[in-house]
There are 2 protein chains.
Amino acid sequence: MSLYQHPLPTDGELEILQILWEKGPVTVRQVNEEMNLLRPVGYTTTLKLLQIMDSKGLVSRNSTQKVHVYAAALPPDQTRKALLDRFLETTFQGAAGEMVLQLLGGHRTTEDELSRIRQMLEDQDNQNGQ
Amino acid sequence: MSLYQHPLPTDGELEILQILWEKGPVTVRQVNEEMNLLRPVGYTTTLKLLQIMDSKGLVSRNSTQKVHVYAAALPPDQTRKALLDRFLETTFQGAAGEMVLQLLGGHRTTEDELSRIRQMLEDQDNQNGQ
DNA sequence: ACGCAACTACGAATGATTTCGTATTTTAAG
DNA sequence: CTTAAAATACGAAATCATTCGTAGTTGCGT
């Protein structure tokens, strides 16, 4: 049950969300096993975090079955966008262009990604009226 | 004096770095006054944070004068890039293109920024050999 | 040289997040 | 129905970051 709307996830909560987004609705044990592929985490640690996330409305819980099954409450795009906006503010003081330049300066992007970005730029141009 | 090399700044530390980057070398009092333009912060709070940042090597301190003068140890680009890389990993699992799309989808960028981004894209194209 | 005002040092309280231990509940097997 | 294994609930310790109070230092003006 959710107490408030949709606070941004903490780092630990985000780690779990990434698993939920990739694997779909899963049990605590499955989440914990995924976690342990990366680093050692106790079962009850994972459980507790999922319970907290449920109380925050970050995940939904299906309790009709024997074991509870958790799923992310929001799609990845929406959550990542919200995190991105905060990061852009705190780290780049809102200068989106600066951030893109820093990013592209150091990362190889795929052809597909590049053309989608170009399309996005054209759309921006059109909206800007040149 | 610095104990280790260059850990990433915390959010509170970053807030101070932004001031140091903008104002150049300044005293604790000056930093604290800038902070108080945004929200109430005790003088010793700012002082303590600067001392911690000094011990981490995030700032340098000039103690030859009556009052200490602090300056950022690293340029903004380098620090922001490091923070960006971590954020890209934790939030977008390294998918830089996805992140740019999310970003441009919701932010108005200036013409100047757009053309610099286009130039950056061309450079990427050339490196990719198409 | 004295005293005040400003500054530095630093321990410790607070707050947020993560981690875990233990108790309780549930379910499936025998 | 009984029991064991697995799951859930939850208090509380551990960790990390932030904030502040207090004590001690410095140096300028008189």
Side-chain angles (χ1 to χ4, degrees), chain A residues 1-4 6-20 25-36 38-71 79 83 86-87 90-91, chain B residues 1-4 6-19 25-36 38-71 79 83 86 90-91:
Chain A
M1 138 105 57
S2 127
L3 292 180
Y4 27 84
H6 287 303
L8 291 180
T10 65
D11 285 354
E13 290 167 349
L14 178 60
E15 211 173 340
I16 286 185
L17 284 178
Q18 306 276 19
I19 292 171
L20 296 182
V26 284
T27 64
V28 178
R29 183 147 304 281
Q30 288 173 298
V31 172
N32 185 246
E33 276 164 8
E34 286 295 321
M35 295 284 286
N36 276 275
L38 307 171
R39 60 193 172 83
V41 185
Y43 176 85
T44 57
T45 299
T46 301
L47 171 63
K48 178 72 166 189
L49 213 28
L50 280 165
Q51 289 171 341
I52 290 172
M53 292 170 77
D54 181 44
S55 78
K56 290 183 179 178
L58 292 174
V59 299
S60 65
R61 176 168 68 173
N62 182 325
S63 318
T64 61
Q65 299 299 317
K66 168 191 175 182
V67 292
H68 296 176
V69 173
Y70 289 86
T79 301
L83 290 168
R86 182 183 60 182
F87 179 79
T90 61
T91 305
Chain B
M1 136 100 59
S2 126
L3 291 179
Y4 28 83
H6 288 301
L8 292 179
T10 65
D11 285 352
E13 291 167 348
L14 179 59
E15 211 173 341
I16 286 185
L17 284 178
Q18 307 274 23
I19 292 171
V26 284
T27 64
V28 177
R29 183 148 303 281
Q30 288 174 298
V31 173
N32 185 245
E33 276 164 9
E34 287 295 322
M35 295 284 286
N36 276 274
L38 308 171
R39 60 192 172 83
V41 185
Y43 176 85
T44 57
T45 300
T46 302
L47 172 63
K48 178 72 165 189
L49 213 28
L50 281 166
Q51 289 170 342
I52 290 172
M53 293 170 75
D54 181 45
S55 79
K56 290 182 179 179
L58 292 174
V59 298
S60 65
R61 176 167 67 173
N62 182 326
S63 318
T64 60
Q65 299 299 315
K66 169 191 174 183
V67 293
H68 296 175
V69 173
Y70 289 85
T79 302
L83 289 168
R86 182 184 59 183
T90 61
T91 305

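Every chain is numbered from 1, with letters handed out A, B, ... down the list of sequences. Computed from a predicted structure; not experimentally measured.
Comparing C:dA9, D:dA12, C:dT17 against the side chain of A:K48 picks out D:dA12 as the nearest. You'll find that the side chain of A:D11 is closest to C:dT18, out of C:dT18, D:dA7, C:dC7.
Contact check, A:R29 against D:dA5: no side-chain N or O comes under 4.0 Å of OP1 or OP2. Look at A:T44 and you won't find any side-chain N or O under 4.0 angstrom from OP1 or OP2 of C:dT19. Here A:T45 reaches the OP1 or OP2 of C:dC20: one of its side-chain N or O atoms lies under 4.0 Å away. Between D:dT18 and B:R39, no contact under 4.0 Å exists linking OP1 or OP2 to a side-chain N or O. Taking only side-chain nitrogens and oxygens, B:Y43 comes nearer than 4.0 Å to OP1 or OP2 of C:dT8.
Summarising the geometry, the separation between CE on B:M53 and P on C:dC10 is reported as 18 Å, rounded to the nearest angstrom. One atom, CD1 of B:I52, and another, C1' of C:dT8, lie 14 Å apart when rounded to the nearest Å. Taking atom CG of residue B:L47 and atom P of nucleotide D:dA23, one finds them 17 Å apart after rounding to whole Å. Remark: P of D:dT18 and CG of B:L49 are 6 Å apart, rounded to the nearest angstrom. At whole-Å resolution of the value, CD in A:E33 and P in D:dA6 are 12 Å apart. The CG-P distance, from A:N62 to D:dT8, rounds to 12 Å in whole Å.
With hydrogens and angles ignored, the 3.5 Å screen pairs no side-chain donor or acceptor of B:Q30 with any backbone N or O of B:P25. Between the side chain of B:E13 and the main chain of B:L49, no donor-acceptor pair closer than 3.5 Å is present.
Residues A:Y70 and A:L20 approach most closely at O-CD2, 3.9 Å, considering heavy atoms. Across A:T27 and A:V67, no two heavy atoms sit closer than the pair CG2-CG2, 3.6 Å.
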